[in-house]
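Labels below follow one simple rule: chain letters A, B, ... track the order of the sequence lines, proteins then strands, and each chain is numbered from 1.
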There are 2 protein chains.
Amino acid sequence: MNAQPLLNYINKYISLTEEETLFLISKVTFRKYLKGQYIVQQGDICKKQCFIISGCTKTFYMDAGGQEHIVLFAIEDWWTSDMGSFITQAPADFNVQCIENTELIQITYEDNEEILREIPKLERFFRKIVESAYAASQKRIIRSFSLTAKEQYLFFKEQYPTIEQRVPQYMIASYLGITKEFFSKIKSQLAIEE
Amino acid sequence: MNAQPLLNYINKYISLTEEETLFLISKVTFRKYLKGQYIVQQGDICKKQCFIISGCTKTFYMDAGGQEHIVLFAIEDWWTSDMGSFITQAPADFNVQCIENTELIQITYEDNEEILREIPKLERFFRKIVESAYAASQKRIIRSFSLTAKEQYLFFKEQYPTIEQRVPQYMIASYLGITKEFFSKIKSQLAIEE
DNA sequence: TAAAAATGTTAATCTATATTAACTATATTT
DNA sequence: AAATATAGTTAATATAGATTAACATTTTTA
């Protein structure tokens, strides 16, 4: 089992002892998914938090009319799950699906609690990660209220330049909260402007 | 200094020893604000996290055109701050303003880190609070994409029945991401429907 | 390599919500 | 109590973005 990417990621911010590292490794599992497979489905209980080693996922909500609304993309070195379902162990509102073949490290709810209880500096580290995810989410709400779709797209390109290359355009439209047709129009307008 | 509401709140979920309680109390400060006063202003560094004892605040972004966009209301037993600025100690994107006379307990960034380092079960507790705030924020994004303004309003009424009574209507419109005129139209439609 | 499926584009028309403006009602201050 | 500021409503018009539909391109599968 190759936990090295997770350890590298953690060691960028804090240092774990040999013993802590071994304990962490003993609690996590490695898993591969193929493109198209679901990590979590709406209605399931989200049992695991996932750290992506390679690949790409989308987290989306399927509304009553069958339309997908993407909240989040995740790539290498990101965490993904349905946080709401994971923490309450209630049925998920979101789907998490692989949009590339994806390798990841999974941690169950119980193991996560145990790891963080045993290693307080990891608990501290994760608190801070969630704090910044929350802050980013609040900023995203504001952008969706105060920017036009075109402005939001330019922001997205700038903030996630690599994701735009990796995922189909209609998913970017979904992430921006617009239709693929309107997204297409925006892109052609921008192409004319320069 | 009356820290009792904060202690009651914490004790609903975890129990602190006498010693831990005294340590916590020694680190926090009490403060009153008048209606209209700002706890944080856009561009300031957000130095404190606030636990509201009484009163009500709004957290909003003022866009280039001078329009307010409310991300969050907070009332008794809620936390408020500009989380992004608080954790990075970088200039705030948001304003936090009192919309009633407000009494609260403040914790500085440094004291917060110290309290959570000293009392691991509090760190755990706060990690979970932030996790649920994050999950709620993701759900809010989805609602803004998949529901009409009228549906979002009905959801808001149901989820925060007390807030609607306490704050001016134009702020609810701002929270919902619509103009006060359109909000007025929605309400009159709903009044006709029943 | 042909067929099928998935993805992306263009254009016409429609709709939810914004904008503007004029007005009414409610608080706050003098 | 009058004056002023703040909040809320109504209605006409304007617009960003949705919907529909037809077509073009790329990718996957047989």
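- The ring-ring contact (aromatic ring centres under 6.0 Å, His included) contacts involving residues 128-155 of chain B comprise B/Tyr153-B/Phe183, where partners must be two or more places apart or lie in separate chains.
- As a member of the Ile/Leu/Val/Met/Phe/Trp/Tyr network built from side-chain separations under 4.5 Å, B/Val40 groups with B/Tyr33, B/Ile39, B/Val96, B/Leu104.
- Under the side-chain contact (heavy atoms from CB on, under 4.5 Å) criterion, B/Ser26 pairs with B/Phe23, not counting sequence neighbours.
- Listed by chain and number, the residues in a side-chain contact (heavy atoms from CB on, under 4.5 Å) with A/Pro168 are A/Tyr170, A/Met171 (sequence neighbours excluded).
- In the helix from C/dT1-D/dA30 to C/dT30-D/dA1, the terminal helix axes, each the rotation mapping four pairs' C1' atoms onto the next four within five end pairs, subtend 50°, rounded to 10°.
- Side-chain contact check for A/Lys180 and A/Gln169: no donor-acceptor pair (N or O, by modelled atom type) lies under 3.5 Å.
- Taking the side-chain hydrogen bond (donor to acceptor under 3.5 Å, both in side chains) definition, one finds that A/Tyr160 meets it with nothing, sequence neighbours left out.
- Among pairs with a residue in residues 83-98 of chain A, those fulfilling side chain to side chain donor-acceptor pair (under 3.5 Å) read A/Gln42-A/Asn95, A/Asp93-B/Lys139, at least two apart in sequence or across chains.
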Per-nucleotide protein contact string for nucleotides 24-30 of chain C (B base, S sugar-phosphate only, - none; heavy atom under 4.0 Å): ----S--
Base-contact (B) and sugar-phosphate-only (S) positions in nucleotides 10-24 of chain D, heavy-atom cut-off under 4.0 Å, - elsewhere: B------BSBBB---
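- The distance between atom CG of B/Asp63 and atom C1' of C/dA18, rounded to the nearest whole Å, is 13 Å.
- Here C/dT9 presents its P atom at 13 Å from CD1 of A/Ile192, a figure rounded to the nearest Å.
- Computed from coordinates, the B/Glu151 CD to C/dA16 C1' distance equals 12 Å when rounded to whole Å.
- Listed by chain and number, the residues in a side-chain hydrogen bond (donor to acceptor under 3.5 Å, both in side chains) with A/Asp63 are A/His69 (sequence neighbours excluded).
- When the side-chain nitrogen and oxygen atoms of B/Tyr170 are compared with OP1 and OP2 of D/dG8, none of them lie within a distance under 4.0 Å.
- Residues passing the side-chain hydrogen bond (donor to acceptor under 3.5 Å, both in side chains) test with A/Glu181: none are found, sequence neighbours excluded.
- Each ring-ring contact (aromatic ring centres under 6.0 Å, His included) pair with one or both residues in residues 87-106 of chain B, not counting sequence neighbours, would appear here, but there are none.
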